[in-house]
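Residue indices begin at 1 and follow the sequence shown.
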Amino acid sequence: MAIRPYREQDREAVVALWRECGLLRPWNDPYKDIARKLTVQRELFLVGECEGVICASVMAGYDGHRGWMNYLSVSAGHRRLRIGQTLVGEVERLLLDLGCPKVNLQVRSENTEVLAFYARLGYGADAAVSLGKRLIPDD
């Protein structure tokens, strides 16, 4: 697998990957999420390419206090090959290069397989409650 920054021509393949991985929700427009990401730290939007095909992706960011990881995805046919682990490692390296002391991410509580994946990589639950407020509706 080759890891590289996202390119405009990757859009449909990345959205299809997110759909395959069950990451899309009706209240989040993936095309708008991509467009928004490309306006800030676009170098932290990575894809994994296997034999010329997008097989993985991750979005990351750093706000000066914490790093964040979103949309980590690996296609079903490429799972269990350490692709997710490799992408997480690359995000961690890039964030460390920026001086980021900690990275956060969110996983839906019912997604036990993904929670176990992150636990194997050293991630654990913080004593915090995730809150959110929509400022711009995507509908």
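- Nearest heavy atoms, Gly84 versus Leu72: O-CD1, 4.4 Å.
- Looking at every heavy atom in both residues, Arg134 comes nearest to Trp27 through NH2-O, 2.8 Å.
- Across all non-hydrogen atoms, the minimal contact from Leu95 to Gly61 is CD2-O, 3.7 Å.
- Taking CD of Glu49 as the reference point, atom CD1 of Ile3 lies at 11.5 Å (rounded to 0.5 Å).
- The shortest distance between side-chain heavy atoms of Met1 and Thr86 falls below 4.5 Å.
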Donor-acceptor contacts under 3.5 Å from residues 13-20 side chains, at least two apart:
unit_1 : atom_1 : unit_2 : atom_2 : d
Trp18  : NE1    : Ser57  : OG     : 2.8
Glu20  : OE2    : Ala76  : N      : 2.6

Let me have the donor-acceptor pairs involving side chains of residues 105-116, under 3.5 Å, with sequence neighbours excluded, atom names and distances please.
unit_1 : atom_1 : unit_2 : atom_2 : d
Gln106 : NE2    : Ser130 : OG     : 2.1
Asn111 : OD1    : Val114 : N      : 3.4
Glu113 : OE2    : Arg80  : NH2    : 3.3

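- Inter-residue side-chain proximity for Val88 and Arg93 is flagged as unmet; no heavy-atom pair is nearer than 4.5 Å.
- Within the 4.5 Å cutoff, side-chain heavy atoms of Leu94 are placed close to those of Glu90.
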Query raised in the report: Do Glu43 and Arg4 pass the salt bridge (Lys or Arg N to Asp or Glu O under 4.0 Å) test, and can you show the C-alpha distance, the side-chain angles, and the key distance before you say yes or no?
Result: CA-CA 9 Å; Glu43 70 279 6; Arg4 63 168 174 78; over 6 Å; no
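- The residues Arg36 and Asp138 are annotated as salt-bridged, a charged nitrogen and a carboxylate oxygen being separated by less than 4.0 angstrom.
- Separation of atoms CD (Glu8) and CG (Leu38) is listed at 5.0 Å; rounding is to 0.5 Å.
- Looking at Glu12 and Tyr31, their side chains do bring a donor and an acceptor atom within 3.5 Å of each other.
- In terms of modelled atom types and a separation under 3.5 Å, the side chain of Lys37 and the main chain of Val40 share a donor-acceptor contact.
- Leu131 forms part of a hydrophobic cluster together with Val129, judged by ILVMFWY side-chain heavy-atom separations under 4.5 Å.
- Nearest approach of Gly67 to Cys100, heavy atoms of both residues: N-SG, 3.2 Å.
- Annotation: the span from Met69 atom CE to Leu44 atom CG amounts to 11.5 Å, rounded to 0.5 Å.
- Here the closest heavy-atom approach between residue Pro101 and residue Arg66 is recorded as CG-NH1, 4.2 Å.
- The minimum heavy-atom distance linking Gly99 with Tyr62 is given by the pair O-OH, 3.5 Å.
- Separation of atoms CD1 (Ile83) and OG (Ser75) is listed at 6.5 Å; rounding is to 0.5 Å.
- No more than 12 heavy atoms of other residues, nucleotides or ligands shown are found within 6.0 angstrom of CD on Glu51.
- With 3.5 Å as the limit, one finds no donor-acceptor pair spanning the side chains of Asp33 and Asn28.
- Remark: Arg11 CZ to Ile54 CD1 distance equals 13.5 Å, nearest 0.5 Å.
- Ring orientation note: the planes of Tyr118 and Tyr123 are nearly perpendicular, at an angle over 60° on the 30°/60° scale.
- Distance OH/Tyr71 to CE/Met59: 6.0 Å, rounded to 0.5 Å.
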